[in-house]
Protein chains: 2
Amino acid sequence: MTKDKHQALIENFEKEVSLNEVEKEIIRDYFHFFTIQKKKDLLRSGDICNYTFFILKGCTRSFNIDEKGIERIQNFGFENYWVGDLLSLFTGEPSSLTIETIEHSQILKIHKDDLENLYNEVPQLERFFRILYQKAYVSSLKRLNKMVQFSASENYNQLIKEQPNLLQRVPLAYIASYLGIAPESLSRIRRNS
Amino acid sequence: MTKDKHQALIENFEKEVSLNEVEKEIIRDYFHFFTIQKKKDLLRSGDICNYTFFILKGCTRSFNIDEKGIERIQNFGFENYWVGDLLSLFTGEPSSLTIETIEHSQILKIHKDDLENLYNEVPQLERFFRILYQKAYVSSLKRLNKMVQFSASENYNQLIKEQPNLLQRVPLAYIASYLGIAPESLSRIRRNS
DNA sequence: CGATTTTCTTAACATAGGTTAAGTCAATTT
DNA sequence: AAATTGACTTAACCTATGTTAAGAAAATCG
């Protein structure tokens with residue numbers, strides 16, 4: 001009995017839509033498995049984002065370099081997370097994001113053209129991805145609200161409350177970048193918590 | 001020759017999609033015109049957002065009250081802007097936003113159920129609104145980036161450069177709220193610019 | 001194993017923006 | 001016209017975070 005590399009992906013789809021065996025097989029054909037070392041890029045700033053990635057194992061960070069030359073982490077990816085740059089994917093324009101692995105990772109990817117084909121063969125997935133994109137929009141609005149309304153200290157404490165595992169998997173400097181503060185400031189915040 | 005209250009709306013659609021006369025007439029039937037005084041609510045926090053609004057004349061602000069009791073303006077609406085709460089519209093959950101007119105305004109509105117019917121009768125509009133929602137997502141990401149990466153002063157100066165008319169139409173206290181700072185801080189920033 | 005690099009912390013000082021309180025000016029009301 | 005209200009500014013002081021520099025601790029390398 002061989003291990004099904006697509007199992008977690010299928011289960012992820014099945015949280016929103018129903019799939020029969022034929023459809024599952026189509027999905028397995030379209031999503032390509034690969035492994036990648038830590039500190040390697042899934043997407044490089046300036047490239048067009050042609051793929052959508054599904055993380056089976058490992059972890060990633062998506063960041064851009066701001067006008068002052070500082071890396072700004074937008075989000076992290078973990079097991080069963082979808083990563084990519086929706087903006088670049090929607091518009092076909094070069095991405096401003098770099099997506100880099102933080103750990104050695106196992107990932108499934110699908111090309112945007114294949115995703116279009118897949119929509120035709122398994123129409124339920126159109127709904128799945130619409131919901132996924134809406135959730136991305138919602139989480140962007142929520143994050144904006146948090147950044148405006150809470151202090152870095154409040155945001156840090158809420159973050160580790162919601163995702164305590166974060167501390168064990170990503171360096172503090174990345175968390176500081178995600179919170180929009182200097183690593184030194186995060187140290188100070190941690191001391192006073 | 002009577003003035004067509006829906007003209008600006010039709011032109012707004014026609015920037016993205018083609019419409020024949022029959023379709024335009026259907027659209028005119030679905031969008032309802034009304035006028036509203038300044039300082040009145042289009043949507044009240046806690047209510048479900050059942051309508052999408054198109055501003056013909058006037059101006060609005062959308063804000064929520066944060067956990068510290070402070071009004072946080074998310075965006076302004078002007079002529080030919082779409083306003084509403086996409087989150088509440090998508091999910092059917094109560095909105096956290098209040099949308100209030102800043103000036104006496106002329107507005108078109110459509111109920112979300114009617115919008116579904118309209119999609120069936122004029123399918124091009126499905127594409128129009130998908131693009132509109134994607135743009136909303138993009139602008140949310142851009143605003144998040146700005147808030148994290150620039151100082152209030154930089155954001156203020158860029159804002160009035162991009163929308164110089166803002167100063168003539170909305171009180172400074174609203175602009176401060178939009179920038180996420182106290183009105184006193186905006187005064188200081190303006191003095192030092 | 002020791003050496004080196006990376007990660008994290010600490011401290012001193014600088015700065016942006018918050019808070020409080022008062023004051024100015026223009027518009028509106030009586 | 002006087003009084004009131006609303007919009008905006010100013011000033012003094014406070015606090016959170018940035019910046020710079022150094023050091024400690026942990027991880028990695030040779």
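All values reported here derive from a predicted model rather than from experimental measurement.
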Enquirer: Does the side chain of B/R191 get closer than 4.0 angstrom to OP1 or OP2 of D/dT10 through an N or O atom?
Expert: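 Yes.
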
Enquirer: Checking B/N157 side chain against B/S153 main chain: does a donor-acceptor pair fall under 3.5 Å?
Expert: yes

Enquirer: Output the rounded distance in Å from CG (A/N155) to C1' (D/dT17).
Expert: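 Distance check: A/N155 CG to D/dT17 C1' gives 13 Å.
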
Enquirer: Hydrogens and angles aside, do B/Q158 and B/E162 bring a side-chain donor and acceptor to less than 3.5 Å of each other?
Expert: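 Yes, B/E162 and B/Q158 have a side-chain donor paired with an acceptor closer than 3.5 Å.
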
Enquirer: What I want to find out is whether B/K24 reaches B/E14 closely enough, with some N-O distance under 4.0 Å, to be called a salt bridge.
Expert: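 Counted as a salt bridge, because a side-chain N and a carboxylate O are separated by less than 4.0 Å.
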
Enquirer: State whether A/K57 and A/E79 are salt-bridged, where the test is any N-O pair (Lys NZ or Arg NE/NH1/NH2 against Asp/Glu carboxylate O) under 4.0 Å.
Expert: yes

Enquirer: Checking B/Q149 side chain against A/E67 main chain: does a donor-acceptor pair fall under 3.5 Å?
Expert: yes

Enquirer: Between A/F150 (CZ) and C/dG18 (P), how many Å, whole number?
Expert: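 Answer to the nearest Å: 16 Å.
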
Enquirer: Between B/N192 (CG) and D/dA11 (P), how many Å, whole number?
Expert: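 Going from B/N192 (CG) to D/dA11 (P), I get 11 Å.
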
Enquirer: For the helix from C/dC1-D/dG30 to C/dT30-D/dA1, what angle lies between the axis at the first five pairs and the axis at the last five pairs, to 10 degrees?
Expert: 30°

Enquirer: Would you say C/dC8 has OP1 or OP2 under 4.0 Å from some side-chain N or O of A/R190?
Expert: no

Enquirer: Assert yes or no for the condition that the ring centre distance of B/Y133 to A/Y137 is strictly below 6.0 Å.
Expert: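 No, the ring centres sit 6.0 Å or more apart.
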
Enquirer: When you measure from every atom of DNA chain C, which of residues 160-179 of chain A have a heavy atom less than 4.0 Å away?
Expert: A/P171, A/L172, A/A173

Enquirer: Going 5' to 3' through nucleotides 19-29 of chain D, assign each nucleotide B (protein heavy atom under 4.0 Å from a base atom), S (under 4.0 Å only from sugar-phosphate atoms) or - (no protein heavy atom that close).
Expert: -BB--------

Enquirer: Could you check which of D/dT17, C/dT10, C/dG17 has an atom nearest any side-chain atom of A/S187?
Expert: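 Of the candidates, C/dT10 comes closest.
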
Enquirer: So, taking the atom named CG in B/L42 and the one named CZ in B/R44, what distance separates them when rounded to the nearest 0.5 Å?
Expert: 10.0 Å

Enquirer: Pick the closest DNA chain D nucleotide for B/P183 and for A/S151 by heavy atoms, then say which residue is nearer the 5' end.
Expert: B/P183

Enquirer: B/K68 NZ to C/dG18 C1': how many Å, rounded?
Expert: 11 Å

Enquirer: I'd like to know if the side chain of A/T35 reaches the main chain of A/S105, judged simply by a donor and an acceptor atom lying under 3.5 Å from each other, with no hydrogens or angles considered.
Expert: no

Enquirer: Between A/R143 and A/Y178, is NZ or CZ placed under 6.0 angstrom from the six-membered ring centre and within 45° of the ring axis?
Expert: yes

Enquirer: Give a yes or no on whether the backbone of B/P123 and the side-chain of B/E126 come within a donor-acceptor separation of less than 3.5 Å.
Expert: no

Enquirer: Starting from C1' on C/dG17, measure out to CG on B/L186 and report it in whole angstrom.
Expert: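 After rounding, the reported distance stands at 12 Å.
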
Enquirer: Decide if atom NZ of B/K68 counts as having more than 12 heavy atoms of other residues, nucleotides or ligands within a radius under 6.0 Å.
Expert: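 Check passes, neighbour count above 12.
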
Enquirer: What is the distance, to the nearest angstrom, from the CD atom on B/Q149 to the P atom on D/dT17?
Expert: 19 Å

Enquirer: Starting at CG of A/L132, measure out to CZ of A/F129 and round the result to the nearest 0.5 Å.
Expert: 6.5 Å

Enquirer: Expressed as a whole number of angstroms, how long is the span from B/I189:CD1 to D/dC8:P?
Expert: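 Distance check: B/I189 CD1 to D/dC8 P gives 15 Å.
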
Enquirer: Calculate the interatomic distance between B/Y156 atom OH and C/dG17 atom P; express it in whole Å.
Expert: 14 Å

